[in-house]
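Right, one structure below, let's go through it.
For clarity, every value in this text was computed on a predicted model and none was experimentally measured. Residue numbering restarts at 1 for every chain, and letters A, B, ... go by the order of the sequence lines.
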Amino acid sequence: ETSSYDKDEL
Amino acid sequence: MNAFRFLGDMTHLFSVLVLLLKIYATKSCSGVSRKTQELYMVVFLARYMDLFTDYISLYNSVMKVVFITSSAAIVWCMRRHPQVRRTYDKEQDTFRHVVLVAAAFVLALIFNERFTFREICWAFSIYLEAVAILPQLVLLQRGRNVDNLTGQYVFFLGAYRAFYILNWIYRYFTEGHHSRWISWLSGLVQTGLYADFFYYYFLR
């Protein structure tokens with residue numbers, strides 16, 4: 001799912 | 001992790017260190033907007049709540065702790081430190097930052113990836129970060145003399161999100177087309193707000 005990626009950014 | 005994002009994180013970290021240096025070395029926070037610092041503390045608290053639930057990497061966790069503690073330390077200094085708090089330009093720092101918090105919260109309720117507590121907090125932190133610099137920019141325009149460290153602080157803070165935009169472009173072409181419009185739009189607004197500051201910063 002898309003929103004999982006941006007949780008790896010600060 | 002790509003070079004743009006790493007550069008962005010280091011620039012962001014550096015901006016915080018410059019501000020801490022200025023306050024610690026000069027024991028003064030003149031020219032610094034306490035309201036912007038309070039907004040950044042809220043941004044980090046709202047975005048890094050997953051610090052204790054999701055472990056992504058040591059780097060990620062360490063940086064989250066650094067950003068939360070440094071923003072809290074700066075706010076504490078500006079409110080409680082006997083010497084520093086006296087140098088705060090209370091009557092100059094008049095931006096009604098509560099409006100920014102309310103607007104970001106309403107936007108997060110409407111525009112989010114999923115209507116869950118965590119996603120709404122995340123979107124809120126992204127929207128709030130985009131406008132958190134406004135009290136500081138207003139203070140700079142009012143202030144006659146912008147001391148070098150404060151100017152450098154704002155410069156690095158503006159530069160960091162520009163690196164993140166490059167990071168999103170890079171990830172768009174290398175990792176496929178995630179929908180990251182919340183980050184995109186907020187990042188563009190955030191960097192755009194610095195445009196006139198950068199203009200005068202380089203002209204000066």
Mind listing the side-chain donor-acceptor pairs of residues 158-165 of chain B below 3.5 Å, one per line with the distance, residues two or more places apart or on another chain?
residue	atom	partner	partner atom	Å
B:Y160	OH	B:E129	OE1	3.3
B:Y160	OH	B:E129	OE2	2.3
B:Y164	OH	A:L10	N	3.3
B:Y164	OH	B:D9	OD1	2.7

Give, for atom CD of A:E9 and atom CZ of B:R171, the distance between the pair rounded to the nearest 0.5 Å. 4.5 Å
Using the salt bridge (Lys or Arg N to Asp or Glu O under 4.0 Å) criterion, which residues pair with B:R85? Sequence neighbours excluded. none
Interface residues of residues 100-112 of chain B facing chain A - non-hydrogen atoms under 4.5 Å apart: none
Is B:Y55 atom OH crowded by more than 12 heavy atoms from other residues, nucleotides or ligands, each under 6.0 Å away? yes
Residues passing the salt bridge (Lys or Arg N to Asp or Glu O under 4.0 Å) test with B:D54, sequence neighbours excluded, are B:R118
Neighbour count above 12 (heavy atom, 6.0 Å) for B:F95 CZ: yes
Near B:F52 CZ, under 6.0 Å, is it more than 12 heavy atoms from other residues, nucleotides or ligands? no
Check this for me: B:Y24, atom OH, are more than 12 non-hydrogen atoms of other residues, nucleotides or ligands nearer than 6.0 Å? no
Between B:N60 and A:D8, the two heavy atoms sitting closest are ND2-O, 3.4 Å
